[in-house]
Amino acid sequence: MKNALLKVLVFFFALNYFSAQIFSWKNPNIKSDSIQKDSIIAQKITKDLFQKDTLDFVKIQQHRVVEEAVKVKTDRSKILGDLNSKGSIIRGITFGNNQGSSVQSTMDMQISGKLSKDVSILASISDHNLPIQADGYTQTLDEFDKIYIQLNIKNNSILRAGHIDLLDENTYFGRFQRRSMGLQYETLFGKENPTKINVSAGVARSEFHRIRFQGIEGNQGPYRLTGKNGETFITIISGSEQVYIDGVLMKRGENLDYIINYNTGEVTFTSFRPIYRQNFITISYNYTNRNYSRFLVTGGIQHQRERFKTGFNWFVETDNKNAPLSLNLSKEDEKILAEAGNNPDLMFAPSGKETEYDVNKILYKKVISGSSFYYEFSSNSEDILYEVAFTYFGQNQGDYRLKQTTNNGRVFEYVGLHMGDYSALRKLPSPQRSQVFSANAEYELEEGKVGADFSLSNYDINLFSSIDNNENTGYAGRIFGAKSFKKNNWIGTPSFEFQRISSRFHILDRINDVEFSRDFNLNQEFKQKTQNRLIINFQNHWKNRTFLNYRMNYLDEKDFYTGIKNDLDFGWNKNNILTEAKVSYLDTKSTLQDTEFLRGNAQAE
C-alpha cells in the first residue's frame with residue numbers, strides 16, 4: 001500500500017496545468033507491486049493521456065517523457081476563413097538637447113478576402129497619431145485618420161462604410177468632391193442596357209474652399225490658407241488639397257513641388273519649384289468646420305442604351321442649426337442672424353464681454369462718448385473690465401487700429417469712426433444648406449453626338465432667417481453637339497456649345513479649366529452675375545499627324561463684362577519632325593477697363 005500511495009502522489013505532482021497534460025511514469029528504483037496490476041483505479045492512473053500529438057514527444061532513458069519544442073499552431077482558416085490581414089505599428093521617440101522628448105506612433109492595418117461565396121471584403125484602418133501614454137486610446141471613429149470598409153456583393157453591388165471620398169463627374173454644373181463619414185451603396189442592373197444607382201449618406205467631415213492668388217517674387221512660402229469666411233487658423237483635411245501653378249497640377253513632397261502643414265494650413269513650395277510674381281497659384285482643399293453638425297446626402301441614377309444615355313444626380317449638404325459644435329450662440333446672437341437674412345455684412349455681434357481682472361489677459365474698459373461708447377485698454381483692477389475680440393475689416397473700414405503686441409496678446413486703440421482697420425465685433429457663423437439637382441442626356445449620332453445638361457440649385461446661407469429666401473434658387477444649363485466628316489486622309493469635326501448660368505446659381509466646385517479666370521482676364525470664375533457663353537470649334541486632322549484647329553469663345557456677364565477669345569492651334573509633320581504652334585487673342589470690354597491680350601508659342605520635336 002505504501003507503493004500505491006506514492007504512486008498517487010506522483011500522479012498529482014505530474015499534473016501540468018499549462019499544457020493540460022496528464023501522464024505518469026514508473027520509478028525504476030521501486031519494485032513493481034502485484035496488487036497494483038489487479039487494481040482498476042491503478043490501471044487508469046498509470047495510463048498515459050495526451051492532449052497533443054504524441055509524435056511531438058520522445059522517450060529517453062528511465063522512461064521519462066520529455067516535450068521537445070512543441071508548438072501549437074492554430075489553423076488560420078478556422079478563424080479567418082479566406083481573409084488575409086496585414087499591418088504595422090511604428091513608434092518613435094524624438095528628443096534633443098534643447099527640447100523635450102516626444103513620442104510618435106503610427107498604425108496601419110489592411111484586411112481583404114472572402115466572407116462567403118458572394119461577398120468579399122476590403123478594409124483599411126490607419127491612425128498616424130495614436131495615443132500611447134498610459135490608458136490612452138482612440139475614443140471615436142472620427143479620431144482615426146482613416147477607417148474604410150468595402151463589401152463587394154455578387155459582382156454587381158458595392159457597400160462602403162467609414163471615411164468615404166465622394167466625387168461626382170457625371171454632371172457638368174453639379175460637380176463636387178467631398179469627404180464624409182458614413183455609408184455609400186452602389187449597384188448595377190442589367191447587362192445590355194445597364195442602370196447604375198449610387199446613394200450615400202453621412203456626416204460631412206469638412207468644408208470645401210478654393211483660393212487663387214498671385215505669387216510673390218522669390219517667396220517660396222509659407223502661404224497661409226483661409227476659410228470661406230476669412231478664418232485664418234484652419235486645419236486642412238490631409239490629402240484633400242490640389243495645388244496648381246499656372247494651370248499645372250503640383251505634386252506634394254520634399255523632393256517634389258510643395259509641402260503642406262495640415263495643422264496650420266500653410267503651403268510652402270520647394271526649391272525645385274521657384275515662385276515668380278507672374279505665377280498664378282490656385283489651391284482647392286477641404287478643411288475642418290466645427291461650427292455646426294453637417295449632414296451630407298448624395299446620389300445618382302445613370303441609364304445607358306446603345307446610343308442614348310441619361311442620368312439624374314442630387315447633392316444635399318445641410319447644417320443642423322440646433323446642434324452647434326464649438327459655438328455658443330446666445331439668444332441675442334440668434335436674433336441678429338434671424339434679422340440678417342442673406343446679408344453677410346449684418347452677421348456680426350458685439351464682442352465685449354464683462355470679466356474679472358486677470359494679469360495674464362488683455363482687458364479693456366468702456367468709455368462713454370456722447371450717445372455711443374468705445375473700448376480703451378486698461379490694467380486697473382478697480383475698473384469694470386471687458387474681454388474684447390477685434391475683427392479686421394480693411395483699411396478705413398473699422399474704428400480701431402493695432403497699437404502694440406505684448407506677451408499676453410495684441411493691444412488695440414480707438415482712433416475714430418471709420419478711421420481704423422478693426423472693429424470690436426465678432427463674426428457669427430450661420431448654418432447653411434446647399435442643394436443641387438442635375439439632369440443630363442446624350443445621344444450618339446453617326447460620327448457625332450448631341451446632348452444637354454441642366455442643374456437647379458437651392459442655396460440658403462442663413463437657416464436662422466427666412467428673409468431673402470426668394471433669392472436662394474438658381475439654374476444653369478447647356479446644350480452641345482459635334483459631327484465628324486471624313487474624306488480621303490482628312491477628318492473634320494465642327495462642334496458647338498452654349499451655356500447659361502443664372503446669377504443665383506450656386507457652384508459647388510470648379511466647372512471650367514483651372515486657368516479659366518486668367519484666360520478671360522477675370523478675378524474669379526463666377527461672380528454671381530448671369531453668364532452666357534458660346535463656344536464654336538472646328539478641328540481638322542490629317543493622317544500624317546498634321547492638324548489645324550480653330551476655337552472661338554464668347555463670354556458675357558450681364559451689364560458687366562464681354563469677352564471674345566480666339567484660339568488657333570496648328571502643326572505639321574515633315575521628315576519626321578513635328579512642329580506645333582499656338583496663337584491666342586483676347587478682346588474684353590467691361591465697366592472697369594477694356595483689354596486686349598495676344599500670346600503664342602511654338603515648338604518642334
Side-chain angles (χ1 to χ4, degrees), residues 169 172-173 175-177 208-221 223-226 228 241-251 257-258 260 267 269 273-285 476 478 497-501 503 505 507-537 549-570 580-603:
E169 294 182 340
Y172 187 82
F173 298 102
R175 299 175 184 174
F176 66 86
Q177 55 177 352
F208 177 82
H209 188 48
R210 182 176 65 252
I211 62 173
R212 181 173 181 266
F213 57 93
Q214 192 169 357
I216 301 175
E217 185 78 23
N219 186 358
Q220 299 297 114
Y223 293 93
R224 182 178 292 276
L225 305 180
T226 59
K228 187 165 60 175
E241 83 284 354
Q242 288 184 320
V243 181
Y244 295 87
I245 297 181
D246 297 333
V248 180
L249 181 63
M250 300 290 102
K251 295 182 179 180
D257 298 315
Y258 74 94
I260 180 172
V267 176
F269 295 94
R273 187 63 184 175
I275 301 299
Y276 305 100
R277 63 178 182 179
Q278 64 266 28
N279 293 140
F280 279 87
I281 303 171
T282 303
I283 306 178
S284 61
Y285 49 90
R478 72 163 184 158
E497 180 177 338
F498 177 75
Q499 303 176 11
R500 181 177 176 86
I501 306 176
S503 60
F505 182 75
I507 296 178
L508 299 173
D509 200 350
R510 173 176 52 86
I511 62 175
N512 295 302
D513 297 334
V514 177
E515 290 294 281
F516 175 82
S517 301
R518 189 178 187 183
D519 289 340
F520 283 90
N521 198 20
L522 296 171
N523 293 329
Q524 58 189 61
E525 179 182 17
F526 184 59
K527 295 182 290 188
Q528 302 307 130
K529 296 182 181 295
T530 300
Q531 192 177 94
N532 296 301
R533 185 181 180 189
L534 175 64
I535 305 172
I536 297 177
N537 192 14
N549 302 326
Y550 171 74
R551 181 184 179 95
M552 190 275 292
N553 245 305
Y554 172 79
L555 181 65
D556 173 74
E557 291 186 344
K558 186 177 180 181
D559 301 328
F560 179 76
Y561 170 94
T562 300
I564 299 177
K565 185 173 181 288
N566 297 274
D567 295 292
L568 182 65
D569 303 344
F570 58 91
E580 297 180 351
K582 296 181 180 181
V583 179
S584 176
Y585 174 71
L586 174 67
D587 183 14
T588 68
K589 293 178 174 57
S590 67
T591 56
L592 299 177
Q593 61 179 352
D594 298 340
T595 63
E596 293 182 5
F597 183 64
L598 175 66
R599 64 178 174 179
N601 62 74
Q603 62 180 11

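All of these numbers come straight from a predicted model, not from anything done at the bench. Every heavy atom of this structure was used, including side-chain atoms; hydrogens, water molecules and symmetry mates were not.
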Check your understanding: Are any side-chain N or O atoms of Q524 and backbone N or O atoms of S517, one a donor and one an acceptor, separated by less than 3.5 Å?
Key -> no
Check your understanding: With a 4.5 Å heavy-atom cut-off, do I564 and Y585 have their side chains touching?
Key -> no
Exercise for review: Starting from the C-alpha separation in whole Å, work towards a yes-or-no answer on side-chain contact (heavy atoms from CB on, under 4.5 Å) for F526 and I501.
Suggested key: CA-CA 9 Å; F526 184 59; I501 306 176; 3.6 Å; yes
Check your understanding: How long is the span from the OG1 atom in T562 to the NZ atom in K589, to the nearest 0.5 Å?
Key -> 8.5 Å
Point to revise | Audit row: I245, F269, side-chain contact (heavy atoms from CB on, under 4.5 Å) steps and yes/no | key: CA-CA 11 Å; I245 297 181; F269 295 94; 3.6 Å; yes
Check your understanding: Are any non-hydrogen side-chain atoms of L555 and K565 less than 4.5 angstrom apart?
Key -> no
Study note, to complete from the structure: Distance col, row F570:CZ vs N549:CG, nearest 0.5 angstrom, shows 11.0 Å
Exercise for review: Take D519 and R599 through the test salt bridge (Lys or Arg N to Asp or Glu O under 4.0 Å) and record every step on the way to the result.
Suggested key: CA-CA 11 Å; D519 289 340; R599 64 178 174 179; 2.8 Å; yes
Review point. Distance-only, no hydrogens or angles: does the Y285 side chain make a donor-acceptor pair with backbone N or O of L225 under 3.5 Å?
Key: no
Practice item. Could you pull out the closest heavy-atom pair between S503 and T530, with the gap in Å? Key: N-OG1, 3.4 Å
Check your understanding: Counting N and O atoms only, with roles assigned by atom type, does the side chain of E217 sit under 3.5 Å from a partner on the main chain of Y276, one being a donor and the other an acceptor?
Key -> no
Exercise for review: For atom NZ of K558, decide whether the heavy atoms of other residues, nucleotides or ligands shown that lie under 6.0 angstrom number more than 12.
Suggested key: no
Review point. Do you see a donor-acceptor pair shorter than 3.5 Å between the side chains of R533 and N512?
Key: yes
Review point. Do the numbers put R510 on top of the ring of Y244, so that NZ or CZ is under 6.0 Å from the six-membered ring centre and no more than 45° off the axis?
Key: yes
**Study point:** Heavy-atom pair with the smallest gap, counting every atom of Q278 and D246
**Key:** O-OD1, 4.0 Å
Check your understanding: Roughly how far apart are T282 OG1 and F213 CZ, rounded to 0.5 Å?
Key -> 8.5 Å
Check your understanding: For N601, does the CG atom have more than 12 heavy-atom neighbours from other residues, nucleotides or ligands under 6.0 Å away?
Key -> yes
Exercise for review: Measure the shortest side-chain to side-chain distance between Y258 and Q220 over non-hydrogen atoms and say whether it is less than 4.5 angstrom.
Suggested key: no
Check your understanding: Judged by modelled atom types alone, do Y550 and N566 share a side-chain donor-acceptor pair under 3.5 Å?
Key -> yes
**Study point:** Taking every non-hydrogen atom, the tightest pair across E525 and Q531
**Key:** O-NE2, 3.5 Å
Practice item. Check whether any side-chain N or O of D257 sits under 3.5 Å from a backbone N or O of K251 as a donor-acceptor pair, and report yes or no. Key: yes
Check your understanding: Which residues satisfy the ring-ring contact (aromatic ring centres under 6.0 Å, His included) test with F176, sequence neighbours excluded?
Key -> F315
Study note, to complete from the structure: Taken to the nearest 0.5 Å, the spacing of T595 OG1 from N521 CG works out to 4.5 Å
**Study point:** Side chain to side chain, L249 and Q242, heavy atoms closer than 4.5 Å
**Key:** yes
Check your understanding: Are side-chain heavy atoms of L522 and F516 found at a separation under 4.5 Å?
Key -> yes
Review point. Given V514 and R212, is the side-chain contact (heavy atoms from CB on, under 4.5 Å) satisfied, shown in steps?
Key: CA-CA 10 Å; V514 177; R212 181 173 181 266; over 6 Å; no
**Study point:** Heavy-atom closest pair, residues I511 and Y172
**Key:** CG2-O, 3.4 Å
Practice item. Kindly compute the distance separating CD1 (I281) from CE (M250), expressed to the nearest 0.5 Å. Key: 9.5 Å
**Study point:** D587 and D594: CA distance, side-chain angles, deciding distance, side-chain contact (heavy atoms from CB on, under 4.5 Å) verdict
**Key:** CA-CA 8 Å; D587 183 14; D594 298 340; 6.0 Å; no
Exercise for review: Might you work through the salt bridge (Lys or Arg N to Asp or Glu O under 4.0 Å) test for D569 and R551, ending with a clear yes or no?
Suggested key: CA-CA 9 Å; D569 303 344; R551 181 184 179 95; over 6 Å; no
Point to revise | Pair K529 + D559, salt bridge at N-O below 4.0 Å | key: no
Review point. Taking atom CG of N537 and atom CG of D567, what is their separation to the nearest 0.5 Å?
Key: 9.0 Å
Check your understanding: Tell me, do F520 and L586 make a side-chain contact under 4.5 Å, heavy atoms counted?
Key -> yes
**Study point:** pair Y223-I275: side-chain heavy atoms closer than 4.5 Å
**Key:** yes
Check your understanding: Do R478 and E497 meet the salt-bridge criterion of a basic N to acidic O distance under 4.0 Å?
Key -> yes
